[in-house]
Every structure is written in structure tokens, then in C-alpha cells.
There are 2 protein chains.
Amino acid sequence: MLDPRKLHLLRELARRGTIAAVAEAVTFTPSAVSQQLSALEREAGVRLLERTGRTVALTPAGHLLVEHAQAVLEQLERASAALAAVRGGPSGPLRIGAFPTAARVLLPPALATLTGAHPGLEPMVSEIDPADVSAALRAGELDVALVHEYDFVPPVTDASTETEPLFTEPMYLTDRPSVAAARADAWIMNKPGTLCHTMAIRACQAAGFEPLVRHHIDDFDTVLAFAAAGQGVALVPRLAAVNPPRAVRLTRLPLSRRTLAAFRRGNGEHPAIRAAIAAFHTALPHLPL
Amino acid sequence: MLDPRKLHLLRELARRGTIAAVAEAVTFTPSAVSQQLSALEREAGVRLLERTGRTVALTPAGHLLVEHAQAVLEQLERASAALAAVRGGPSGPLRIGAFPTAARVLLPPALATLTGAHPGLEPMVSEIDPADVSAALRAGELDVALVHEYDFVPPVTDASTETEPLFTEPMYLTDRPSVAAARADAWIMNKPGTLCHTMAIRACQAAGFEPLVRHHIDDFDTVLAFAAAGQGVALVPRLAAVNPPRAVRLTRLPLSRRTLAAFRRGNGEHPAIRAAIAAFHTALPHLPL
DNA sequence: GTCGAGCATAAGGTGAGCTTAATCTCGAAC
DNA sequence: GTTCGAGATTAAGCTCACCTTATGCTCGAC
């Protein structure tokens, strides 16, 4: 019988590309991962990996098996979720990931509702950029996460995660009437690698220019303070712009950001996940949207 | 992560009812099965079994998990079948089960076609009554089996097996124009526990009487010889009645028997299974139907 | 009451799977 | 060309999961 643990490693390899990265993700040594994948190949009776230069790549058979692995792991997730539901109401640790703005604005009221309704639940929150959420969910470091996606950024589709939409908010630009009007300005953006950074770059490119990025700042309060001090222009979402400094003028753009709850595919009926998403929804009316 | 091996044991327990029977089916000791199921309960965090008198029964949670186990094992089966397909054409050992008549009439030409088309295939045939096929498939003792079902016998539905119909044949009665006309006769039937025996009893009951069973004989040639010797009446399928003894008159009844190929759910795309079923089909025109 | 079937627990041996350490290869920097 | 580091594999050893044997317990049949 195929071993789901090995299938999990193969799936991680498909996503991460190197055995070393897989090993780090599951906190094994690369040696262990290599041995497990060799064993899987032996059982499969087909070459699944092939060395390409300094790293390994999946053969077509490997990719085929990854798809089946996904289906198997999803069913196992479903089974676990069903057991959790049978055990009773939501309880135990629940690892929640959230992008910084959500952690500041949405989570405090949501967690209050959540722990109020389910005293046995122990939510544990980590700030995390949406770009890293899929990997963290797969690795079991998170159970549910708040992520966002932008018009300009194709949603990161990962076969192993599923999402439920929560709300949509508009984007604002500081001190300029449109992105195109900020062609010559210095820009304040989030750190490279974050979804917000990618979005801002794409928005400028869509307006026909490459932005001149001067500052890399993740915290939107700081971003606005910089803008107020005349250090550049920035794109900020509604939630981050509730109390802007006096000196900053905000223009609403025809650009929106969607916030969603993400979780491992198959785990959507887990009572703790359901309770968390319900709590997120109860917190929405309290948001300054 | 839930262990499919343990889930398999739980599923077997649901079908067989006792830990001892499961142990025998998987050739473990009862102790090992007991330990594995205890471990599964611990991981599940719910009672799955409860002692009822001298044996154990599944709790509602246990039954729920069995359904999920079925889905998981099916996906694993699918993955294995996909790997077998990727490995290339059908090859290796293929365990075939067949009821006696099929083994005598259908298998010889079918196996000739099969091994002719796929020299790497090593078919291994075991005679087996259709009533025992599901268990043998689940246990991995068989990969594909020829089974039959009768009008009077509800098909044995097992969530873990799947079937494809092959052909239908009529039933014949010896020396009497109808089952009802054989009310007072001595009957020659198959051994109790076989599907044919159950069918014959039901057919008599449907005609309004309990048959007087005198002989229990599985081989239809012998059955017909007994009938020819005036030792009783019998129901025989078309395939078993191609060259009846002179002294026996056969009457075709409005009663039919369907022959099907059975295999583990999820394994239907396994190349060896597909090749076997294809070979069964090529052999059908050679049958004296 | 006695006996056997069925299950659970204790104790022990074996193998799967992890770690560490060493080796090999590739690619980039100089 | 040489060096170096990243990535992968292999060897050797250790731990733990898991199966077996042995034993005991409980229930139901006779």
C-alpha cells in the first residue's frame, strides 16, 4: 500500500522544487527525505524524480502521482475533520494566520467572539504574508488563514488549499488623483515578495510606467506617515486608511482587494475552522469599511 | 495523520464483526489487530469500538470513520492503478477468482487471449463462490473475479467493490415444466452457503413451497447425472447444460443469471484489470449461450 | 460450574525510518 | 582553471513502531 507520508513528501517536492526545501518544511534532514522518496520510487516501480543539474525534477509519472497524492491527502484531511466534528464542539489549539492589517483590525473582535462562544478553543495567531500561506497550511503550521488577493495579482491557486470570501474593500492612493498621475513620484511600497508589493508594481505597469520605488515599508501607519511627510506616494487599502494623517489626501481608486479565509482542502468541515470563519463574519460589521 | 493500514483494519472489522476474523483475514494475530485499533482510537480521540458481550461492535463514530476509510482506501487504490498504468502494459501476477462453471467454460479461451496479448501477465486462477468474493478482493487475495447474481438474490453490495456486467443466461429446470410442478420432488442443490443454493431455495419459496433437498452437489455435470438417474430435480444455468444426458429433459425458465466481473473500487483502471475484462468479453462469443 | 471463544495487556524481537557523517556533482564566483 | 557552496545521495547507527508469543480476563453455552 502506498504510504501517505511519502506521498506528502512528494507533493511538497512538487511545490518547493528541492529536497532540501522539503526537508526544511517538514523539519527532517534532506537525507531522510531523499531516502523516503527513493523508497516511494521503489514501491511505485517507476522513476518519479530525475536529477536536473544540481537539483531534482519530477518526471511525468511523478506529476501524475502528485495529483493522486493530493486526492488521497484530501480524503485523509476529510476523515480527520469528521473525527473532530464527532469529538464535539470546536476545542483545542487552532493556528490562525493573518496578514498584518487583518491581525490588527479584524482579529481582535473575531477572537473575542470565538473564544466567547467556544471556551475550549485555543487560537494561536501568527502574522504571515498571503504569499506564504499555502505552504504554511500544507505544512500544518497553520489551520486557517486570512489572505487577500488583488485585481492585478492572479490568486495563488494551490490544489491543496480552499478559500471562502469574507469581504472586499477599495484601494486608495495618497495625494494624487490617479496612479497615472504618480508616474514621476517616488513610491512607498511594501517589502518585495509580499502580495501588496506585487500588486503595486502591477498597478503602475498597468498605468504604463515602472514605478520609482524609494521606501519599502510594511506597516501602513508608517507608510501614511511617510506620505504625510512628503516622502512619496502609496497605495493603501481602506482598512489601513481609517484615520489618515491630516496632511494626506486619499483618492479612492477603481481597484479592490478581496479578503478570504483559506484552509486545507478537505478540512472545511472541521468544527474549529467553521467556528473561526463564522467568527470572522460576525466581526465584519465592526470593520470601518 | 491517520494511518491507512489502521483504517483498513477498521473497515475489515465493520465487515467481519470480530477482531479474530479480521486477524485471520490479514494473517495477523488478534493481538496485533487489537493493538492497532486501540492506537487508532487514541489518535481519533473518540471511542470507535465498544465491547458487546463477548465481541466488539462499532460505535456511531466508528461507522462514520469506516465510511471515510473507504474513501481514503479507494483513492489509494486509484493511485496504485495509475502507477500500474504508467509502468506500461499489463504485466505481473494477476489473481483471478471465478465460480466453477466460469472457470471451466469462460476462462480457458479468455486466458488464452489474455496471455497471448500480454505475455508479461501471469494470471493465477482460484475457484471461489461469489458469496466470498468481496472479502477476498478486499483482502488482496484476488484482483478480479467472475461472479454471478440471480433474480431472487439481491446482489451483494459492498462499498469496496465495483462490478461490470458480462453476460446473462437463462436457467433451466430438469424434467418438470415449472418450479411449482416440482413441489413434491426431491431436489438436488448446491452446497449451503453458495449463491446457487440460496437462489434455488428462494425460487422454490417464490413458487410457494419449501423444497425437499436431498442432495448437495456443486458440480453441475454430477447434478445432471443424478437427475438423469432419477435422483431428483435441479435448476441449472445454460452454461452448465450444454450437453445434458439423454435421459434429462430441460425446460427453460423465466429466470436468469447474470455474470459480472468484480474488482476493488478504484482499481477499475488498472491495466491488468482492463485487459482481463477485455479478454472476458472476447471469450463471450465462444460461449454456448 | 465448566469450558471455550473472544478480547486485552505485558514482554520481547525485528525492521522501518530517522539522524549524523561522509561522498559526489553541479554551477557560480574569481 | 580553480575554488567553494549548495544540493543530493549513501553508509552506519539508533530509536521506536509494530508484530509475535504468552498470559489473563470476561462472557456465553452447555
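- Considering only side-chain N and O atoms, B:R5 lies under 4.0 angstrom from the phosphate OP1 or OP2 of D:dC19.
- For DNA chain C, the contact window with chain A, defined by any atom under 4.0 Å from a protein heavy atom, covers C:dG17 to C:dG27 in 5' to 3' order.
- A salt bridge links A:K6 with A:E43: the closest approach of a Lys/Arg side-chain nitrogen to an acidic carboxylate oxygen falls below 4.0 angstrom.
- In this structure a side-chain-to-backbone donor-acceptor pair under 3.5 Å is present from A:R264 to A:L137.
- Listed by chain and number, the residues in a ring pair (Phe, Tyr, Trp, His ring centres under 6.0 Å) with A:H148 are A:F99, A:Y150 (sequence neighbours excluded).
- Listed by chain and number, the residues in a ring pair (Phe, Tyr, Trp, His ring centres under 6.0 Å) with B:H63 amount to none (sequence neighbours excluded).
- With sequence neighbours left out, A:H197 forms a ring pair (Phe, Tyr, Trp, His ring centres under 6.0 Å) with A:H216.
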Exercise for the section: Evaluate the criterion side chain to side chain contact (heavy atoms under 4.5 Å, CB included) for residue pair A:E67 and A:Q70; output intermediate values, then yes/no. Expected result: CA-CA 5 Å; A:E67 299 202 13; A:Q70 173 58 35; 5.6 Å; no
Taking N or O atoms only and anything under 3.5 Å, show me the protein contacts with nucleotides 25-30 of chain D, one pair per line.
none

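- Checked for salt-bridge contact, A:D129 and A:K191 miss the test: no charged N lies under 4.0 Å from a carboxylate O.
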Exercise for the section: Please lay out, stage by stage, how B:L7 and A:L76 fare under the test side chain to side chain contact (heavy atoms under 4.5 Å, CB included). Expected result: CA-CA 10 Å; B:L7 294 177; A:L76 280 170; 4.1 Å; yes
Practice task
Starting from the C-alpha separation in whole Å, work towards a yes-or-no answer on side chain to side chain contact (heavy atoms under 4.5 Å, CB included) for B:L49 and B:L13.
Solution key: CA-CA 10 Å; B:L49 282 59; B:L13 182 64; 3.8 Å; yes
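- Atoms CZ (A:R16) and C1' (D:dG7) sit 16 Å apart, rounded to a whole Å.
- With A:D3 contributing its side chain and A:L40 its backbone, the two residues share no donor-acceptor pair below 3.5 Å.
- Residues of residues 17-36 of chain B that place a heavy atom closer than 4.0 Å to DNA chain C, in numerical order, are B:T18, B:I19, B:A20, B:S31, B:S34, B:Q35.
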